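Below is one structure, written out as structure tokens; comments come after it.
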Amino acid sequence: MTLQTLEYFIAVAQYRNFTKAAQACHVTQPALSRAIRGLEEELGCALLVRAGRTVTLTPEGEVCLTEAKRVLQQCEELKLRVREAERKNQRPLRVGYLIVSHLNAFMQCLGRYGMAGPLFNLETIYGTTAETKERFASGEVDAIILPEPCITDLAEIEWAYITRSCLYAIIHKANPLYEREWVTLDELREQPFIMWKERNLPLLCAAHIQACREAGFTPRVVGEGEKMGDVLAQVTLHNAVALANQVSSAVYPGDCRFIPVADSQEKFGTVCVWRKGDLAPQLTALKEILAVQG
């Protein structure tokens, strides 16, 4: 008796027809018939009553059907528990990040595809750009979540989008631009700017400044922030503007709005980066999810 034979028997019981059951099991009808006869011989009783092209279950067949379903269900539970044990015993997938809202977007992406539950062993590590990239280079983390402009100095990597985004302007409610559905970079030229601290996110700061220069002006910087909370506080204090991407707008409600910058390019998304050729099992699963997401 094999699990495959039990599957054949369940199919015959379901379809009450050997031809249809064989088609459903992707096997020839003679092979399926031989398997069922072998099962009856092994159990020492008839399980089916054959009447032309249809079959019905004997009382013994009804018992066999119930038990066969239970055996197959137990086999599925066994597989699930073994996989769960395997994942729990695996080294966690270690992911470095710089900005909390980017990590939130990453976790939401995993959750949409069922990877954020207890079967997925994940460890997240916060740090500055320099710290995170150093951990990545040394192998301390398997992947890193970065603003898209921050990957230009990395070599031998592969990466995928978590979200794509143009620039968003952070506008305080006291600013006349607050009620706008969108703004342009040119409309921001006279505004005081809050930037991310350059020592934390140099490439992102450079990308924001370059976007302004391409629009014909150099931003007048009146403050810097190390984290998004710092940036928002400075925007409020100075009634200034700051630049971010789309994912931050869902995380920081309050006295500021995140308004799309209509004439900015869509090159300010959030990306997940890993070392080229890394075949770690959990990283492979992550790559498959991000391929669907992208």
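Residue numbers count from 1 along this sequence. What you see is a predicted model, and the numbers here were worked out from it, not measured in a lab.
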Problem - Any side-chain donor near an acceptor of the partner, T2 and T5, under 3.5 Å - result: yes
Handout entry: Ionic contact status for K227 with D230, cut-off 4.0 Å
Key = no
Exercise for the section: Would you indicate whether the side-chain heavy atoms of C64 and L43 approach each other to under 4.5 Å? Expected result: yes
Problem - Same apolar cluster: I36 and L72, side chain cutoff 4.5 Å - result: yes
Handout entry: I125 side chain reached by E131 side chain, heavy atoms, under 4.5 Å
Key = no
Exercise for the section: For the pair D255 and H172, evaluate side chain to side chain contact (heavy atoms under 4.5 Å, CB included) and give the outcome as yes or no after the intermediate values. Expected result: CA-CA 6 Å; D255 292 338; H172 188 260; 3.8 Å; yes
Exercise for the section: May I ask whether L283 and M107 are part of the same hydrophobic cluster, defined by side-chain heavy atoms of I, L, V, M, F, W, Y residues being less than 4.5 angstrom apart, directly or through others? Expected result: yes
Exercise for the section: For the pair R94 (side chain) and E140 (backbone), establish whether a donor and an acceptor sit closer than 3.5 Å, ignoring hydrogens and angles. Expected result: yes
Problem - Main-chain N/O of T129 paired to T132 side chain as donor or acceptor, under 3.5 Å - result: no
Exercise for the section: Please answer: with hydrophobic residues joined when any side-chain heavy atoms are less than 4.5 Å apart, are Y15 and L39 in the same cluster? Expected result: no
Handout entry: Lys/Arg-Asp/Glu bridge criterion (N-O < 4.0 Å) met for E148, R164
Key = no
Exercise for the section: Please check if the side chain of R189 supplies one atom and the backbone of A215 the other of a donor-acceptor pair under 3.5 Å. Expected result: yes
Practice task
Check whether any side-chain N or O of T163 sits under 3.5 Å from a backbone N or O of G269 as a donor-acceptor pair, and report yes or no.
Solution key: no
Exercise for the section: Would you give the length of the straight line joining atom CG of N245 to atom SG of C166, rounded to the nearest 0.5 angstrom? Expected result: 9.0 Å
Exercise for the section: Show your working on side chain to side chain contact (heavy atoms under 4.5 Å, CB included) between I145 and V95 and close with a plain yes or no. Expected result: CA-CA 7 Å; I145 303 168; V95 178; 3.7 Å; yes
Problem - R220 side, atom CZ; E190 side, atom CD - distance, nearest 0.5 Å - result: 8.0 Å
Practice task
Look at K79 together with E76 and state whether they make a salt bridge at an N to O cut-off of under 4.0 Å.
Solution key: yes
Practice task
Report yes or no: do V235 and V183 belong to one cluster of Ile/Leu/Val/Met/Phe/Trp/Tyr joined by side chain heavy-atom distances under 4.5 Å?
Solution key: no
Exercise for the section: Indicate yes or no: at least one non-hydrogen side-chain atom of L243 is less than 4.5 angstrom from one of I170. Expected result: no
Handout entry: S264 side chain to L167 backbone, donor-acceptor under 3.5 Å
Key = yes
Practice task
Answer yes or no: is there a side-chain heavy-atom contact under 4.5 Å between P92 and L122?
Solution key: no
Problem - Under-4.0 Å salt bridge between E40 and R50 - result: yes
Handout entry: More than 12 heavy atoms of other groups within 6.0 Å of Q210 CD
Key = yes
Practice task
State yes or no: do L98 and V271 share one hydrophobic cluster built from I, L, V, M, F, W and Y residues joined by side-chain heavy-atom distances below 4.5 Å, directly or via other members?
Solution key: yes
Completion exercise
Taking every heavy atom of G127 against every heavy atom of R135, the minimum-distance pair comes out as CA-NH1, 3.8 Å
Handout entry: Backbone of C150 reached by a side-chain donor or acceptor of K133 within 3.5 Å
Key = yes
Practice task
Would you give the length of the straight line joining atom CG of L146 to atom CG of L154, rounded to the nearest 0.5 angstrom?
Solution key: 6.5 Å
Practice task
Would you indicate whether the side-chain heavy atoms of L48 and T58 approach each other to under 4.5 Å?
Solution key: no
Completion exercise
dist L188:CG -> C212:SG (nearest 0.5 Å) comes out at 7.0 Å
Exercise for the section: Kindly say whether the aromatic ring centers of H208 and F268 come within a distance under 6.0 Å. Expected result: yes
Practice task
Check K69, E77, R70 against Q73 for a side chain to side chain contact (heavy atoms under 4.5 Å, CB included) and give me the one that passes.
Solution key: E77
Exercise for the section: For the residue pair E62 and E67, establish whether any side-chain heavy-atom pair is separated by less than 4.5 Å. Expected result: no
Exercise for the section: Indicate yes or no for a side-chain donor-acceptor contact from E60 to the backbone of C45 under 3.5 Å, with no hydrogens or angles considered. Expected result: no
Exercise for the section: Tell me, with the steps shown, if Q191 and L177 meet side chain to side chain contact (heavy atoms under 4.5 Å, CB included). Expected result: CA-CA 10 Å; Q191 299 284 336; L177 297 174; 3.8 Å; yes
Fill in the blank from the handout: Interatomic distance, CD1@I99 vs OG1@T270, rounded to 0.5 Å, equals 7.5 Å
Practice task
Could you tell me whether Y97 and Y126 have their ring centroids closer than 6.0 angstrom?
Solution key: yes
Problem - Side-chain touch V55/F18, heavy atoms, less than 4.5 angstrom - result: yes
Fill in the blank from the handout: Checking N175, T236, V241 against C256 for side chain to side chain contact (heavy atoms under 4.5 Å, CB included), the one that qualifies is T236
Handout entry: Beyond-backbone contact of Y8 with V27, side-chain heavy atoms, under 4.5 angstrom
Key = yes
Exercise for the section: Locate the shortest heavy-atom distance separating A207 from P149; write the atom from each residue and the value. Expected result: CB-CB, 3.7 Å
Practice task
Check whether NZ of the Lys or CZ of the Arg R275 lies under 6.0 Å from the centre of the six-membered ring of F136 and within 45 degrees of that ring's axis.
Solution key: yes
Handout entry: Verdict with reasoning, N200 to E224, per side-chain hydrogen bond (donor to acceptor under 3.5 Å, both in side chains)
Key = CA-CA 11 Å; N200 285 6; E224 295 179 324; over 6 Å; no
Practice task
For L185 and A211, work out which heavy atoms get closest and say how close.
Solution key: CD1-O, 3.5 Å
Practice task
Indicate yes or no for a side-chain donor-acceptor contact from R16 to the backbone of A13 under 3.5 Å, with no hydrogens or angles considered.
Solution key: yes
Practice task
Take L93 and L286, measure what side chain to side chain contact (heavy atoms under 4.5 Å, CB included) needs, and give me the verdict at the end.
Solution key: CA-CA 9 Å; L93 179 69; L286 173 61; 3.8 Å; yes
Handout entry: SB check E226 R199 (cutoff 4.0 Å)
Key = yes
Exercise for the section: Answer yes or no: is there an ion pair linking D278 with K287, defined by an N-O contact shorter than 4.0 Å? Expected result: no
Practice task
Enter the distance from W182:CH2 to E187:CD here, rounded to the nearest 0.5 Å.
Solution key: 6.5 Å
